[in-house]
Protein chains: 2
Amino acid sequence: MNILIADDEPFMIKIVKAYFEKEGFNILQAQDGEEALRIFYAHPIDLAIVDWMMPKVNGIQVCKEIKKQSTTKVLLLTAKGEDEDELIALQSGADEYVRKPFDPRILIVRAKKLLQMDRLIYLGDLKIDMDGQKIYRNEQDIQATHTEFHLMKYFIENRGIIISRKALLDHVWGFDYYGEERTVDTHIRRLRAKIGDHTIKTHRGMGYSLEENNE
Amino acid sequence: MNILIADDEPFMIKIVKAYFEKEGFNILQAQDGEEALRIFYAHPIDLAIVDWMMPKVNGIQVCKEIKKQSTTKVLLLTAKGEDEDELIALQSGADEYVRKPFDPRILIVRAKKLLQMDRLIYLGDLKIDMDGQKIYRNEQDIQATHTEFHLMKYFIENRGIIISRKALLDHVWGFDYYGEERTVDTHIRRLRAKIGDHTIKTHRGMGYSLEENNE
DNA sequence: ACGGTTTTTTACAAGATCGGGACGGTTTTT
DNA sequence: AAAAACCGTCCCGATCTTGTAAAAAACCGT
């Protein structure tokens, strides 16, 4: 998850950065609006946390520019406290608005809400969207088929533990499915080809398991 | 659009009601948490604006109850002003949090944002006017029909995720619609003809999805 | 090192799914 | 009233997915 923080106060960036990195986010930083946009165009940003008052290009302009190009989430920060400003912020397309000074935990909560972290699962270079039924590898949709996705889903729900072919047939294909156990092998193989060999481990005579740490 | 307002101060309800009705919303009101839930169960509510401090059942509880049952949006109102409270509010599942006293216009903006109204969405060479019910391609109105627009709207509200035909029938045609699933295909085809083939992607055996980046 | 067993790989045919064309019925516009 | 637009359904050919079988490779205890 890449988060861009744009603020002209180095101290502010330092604080926010520290909190977000503790939560496992990857942080990119900018000191003014121009730099913010340059970074935005050069990297895949999931969320931009932008201060309103910045040199060169202000936060509102950055927000509008980002929103014109993409669906990247934007959170506006501001030292101002007028209701009027909040209106302008929201109308410029910002997804969220937080007033300075703020409790950093609130920023985290709001950021996570914007990023819909609850439906996304990260596993090494993989990202699984449980709602969207998609699997990404290095941000690229691997185009998993129906069975492949449900296989992956069941592995994730039982990650780390060894699952027998029978259990997989029962849960992915349905308990009333009648077919060869070896069919599972083929689908494991197809899935492996898409997500990388290392992620699903074979346990001879027992079944397969999804490994937490791949490498 | 049905909005439920729950607050124990009649004056508060009166103000909010007035503003929202001016915007064309249909308002239902409750004086305490118990009444709020009763109304919620009896009517299709799009958004619940709930005061934290209420007799019998408080706002947090109402929020949790609503979220347990549905995906109805909840906006919490509060006279308190602690950051701590905002955290509790968001963690209880509330979608938005507004402190009293507030500028009614902000409440409107936030409500509309939650309801995904009044928004212009850009998607490659497309522009979708959620409010005006129009879709433009290269600034040209593509003259989408009623069903086509609502199909598009639902895709946008769930962009990037794979949506089954059944889900589309349920949400675009209505959960009580009885008809062929393949009808969806035909409308997808007609929509594609107007917006370009690339935007809506087919996922064999799963459904369709609206892609963020059309390359 | 060997032979039996289990897993991986390859190949292919059956089956399911989808896109597009066409059509008739209904509603809206002219 | 006629014409146009819109909607839902059906069908067919093209395409993708899936299950199975069979060959190749890997594994394991002796």
Side-chain angles (χ1 to χ4, degrees), chain A residues 133-135 141-155 162-211 214, chain B residues 133-135 137 140-155 162-211 214:
Chain A
Q133 303 197 70
K134 285 183 179 175
I135 304 176
D141 187 349
I142 66 164
Q143 313 243 34
T145 67
H146 180 69
T147 6
E148 280 154 15
F149 179 81
H150 285 285
L151 194 55
M152 188 65 182
K153 190 173 166 188
Y154 191 68
F155 270 117
I162 300 173
I163 312 166
S164 69
R165 290 184 178 75
K166 170 143 177 42
L168 287 169
L169 280 180
D170 282 354
H171 289 93
V172 178
W173 278 259
F175 69 97
D176 52 351
Y177 176 81
Y178 174 79
E180 287 296 316
E181 274 203 353
R182 290 278 143 208
T183 295
V184 174
D185 298 29
T186 301
H187 284 275
I188 294 275
R189 185 188 166 284
R190 287 172 182 153
L191 185 55
R192 274 176 174 159
K194 292 183 180 178
I195 65 174
D197 282 349
H198 52 293
T199 320
I200 296 174
K201 201 165 159 185
T202 307
H203 300 267
R204 209 181 169 76
M206 307 161 82
Y208 298 95
S209 75
L210 181 67
E211 296 303 294
N214 47 329
Chain B
Q133 311 239 332
K134 282 187 176 164
I135 304 176
R137 188 177 186 190
Q140 193 99 43
D141 187 348
I142 65 164
Q143 312 249 32
T145 68
H146 188 253
T147 352
E148 280 155 14
F149 180 81
H150 284 284
L151 195 55
M152 189 64 182
K153 188 174 167 188
Y154 191 68
F155 270 118
I162 299 175
I163 312 166
S164 68
R165 289 185 177 74
K166 170 146 177 40
L168 288 169
L169 281 180
D170 282 354
H171 289 93
V172 179
W173 278 259
F175 70 97
D176 53 352
Y177 176 81
Y178 174 78
E180 286 297 315
E181 276 202 351
R182 297 298 305 277
T183 294
V184 174
D185 296 31
T186 301
H187 285 274
I188 294 272
R189 172 158 42 99
R190 287 170 183 157
L191 184 55
R192 273 177 175 160
K194 293 182 181 177
I195 65 174
D197 282 351
H198 52 292
T199 320
I200 295 173
K201 201 164 157 184
T202 306
H203 300 266
R204 218 163 237 265
M206 301 192 269
Y208 297 94
S209 76
L210 180 67
E211 294 303 294
N214 39 337

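Here the structure is a predicted model, which is why all the values come from computation and not from measurement. Order of the sequence lines fixes the chain letters, A, B, ..., with proteins taken first and strands second; residue numbering starts at 1 for each chain.
Protein atom NE2 of A/H150 is 13 Å distant from nucleotide atom P of D/dG19, rounded to whole Å. For the pair B/L169 CG and D/dC7 P, the interatomic distance rounds to 14 Å; values are reported in whole Å. For B/D197 and C/dG19, the CG to P distance is 10 Å, given to the nearest whole Å. Summarising the geometry, the separation between CD on B/Q143 and C1' on D/dA4 is reported as 13 Å, rounded to the nearest angstrom. For A/K194 and D/dC16, the NZ to C1' distance is 11 Å, given to the nearest whole Å. One atom, CD1 of A/I162, and another, P of C/dT7, lie 12 Å apart when rounded to the nearest Å. Atom-to-atom, CZ of A/R182 to C1' of D/dA24 comes out at 14 Å; the value is rounded to the nearest Å.
Salt-bridge check for B/D170 with B/K166: passed, with a basic side-chain N closer than 4.0 Å to an acidic carboxylate O.
The two residues A/F149 and A/K134 come nearest to each other via the heavy atoms CE1-N, 3.5 Å. Summarising the geometry of A/D141 relative to B/H203, their closest heavy-atom pair is OD2-CE1, 4.4 Å, with the distance given to 0.1 Å.
Here the CD1 atom belonging to A/I162 is positioned 4.0 Å from the CE atom belonging to A/M206, to the nearest 0.5 angstrom.
Around atom OH of B/Y178, no more than 12 heavy atoms belonging to other residues, nucleotides or ligands sit under 6.0 Å away.
With respect to A/E148, the salt bridge (charged side-chain N to carboxylate O under 4.0 Å, His left out) criterion is satisfied by exactly one of A/K194, A/K153, A/R190: A/K194.
Counted by atom type alone, B/T199 and B/R137 present zero donor-acceptor pairs between their side chains at under 3.5 Å.
Counting only Watson-Crick or G-U wobble pairs whose defining distances are both under 3.5 Å, the stems of 3 or more consecutive pairs in DNA chain D are C:1-30 with D:1-30.
Taking the side chain of A/T147 as heavy atoms from C-beta on, and the options D/dG19, C/dG19, D/dT18, the nearest nucleotide is D/dT18.
Within the structure, a side-chain polar atom (N or O) of A/Y208 is placed less than 4.0 Å from OP1 or OP2 of C/dT8.
As judged by a 4.0 angstrom heavy-atom cut-off over every strand, B/T202 is placed among residues touching the sugar-phosphate backbone only. Across all strands, A/T183 comes closer than 4.0 Å to base atoms (heavy-atom distances).
Taking only distance into account, the side chain of A/R190 meets the base of D/dG19 through a donor-acceptor pair shorter than 3.5 Å. No hydrogens or angles were tested; on distance alone, a donor-acceptor pair under 3.5 Å links the side chain of B/R189 to the base of C/dG21. On a pure distance criterion of 3.5 Å, a polar donor-acceptor pair joins the side chain of B/R204 and the base of D/dT15.
Take the nearest nucleotide of DNA chain C for B/T186 and for B/H203: the residue whose nucleotide is more 5' is B/H203.
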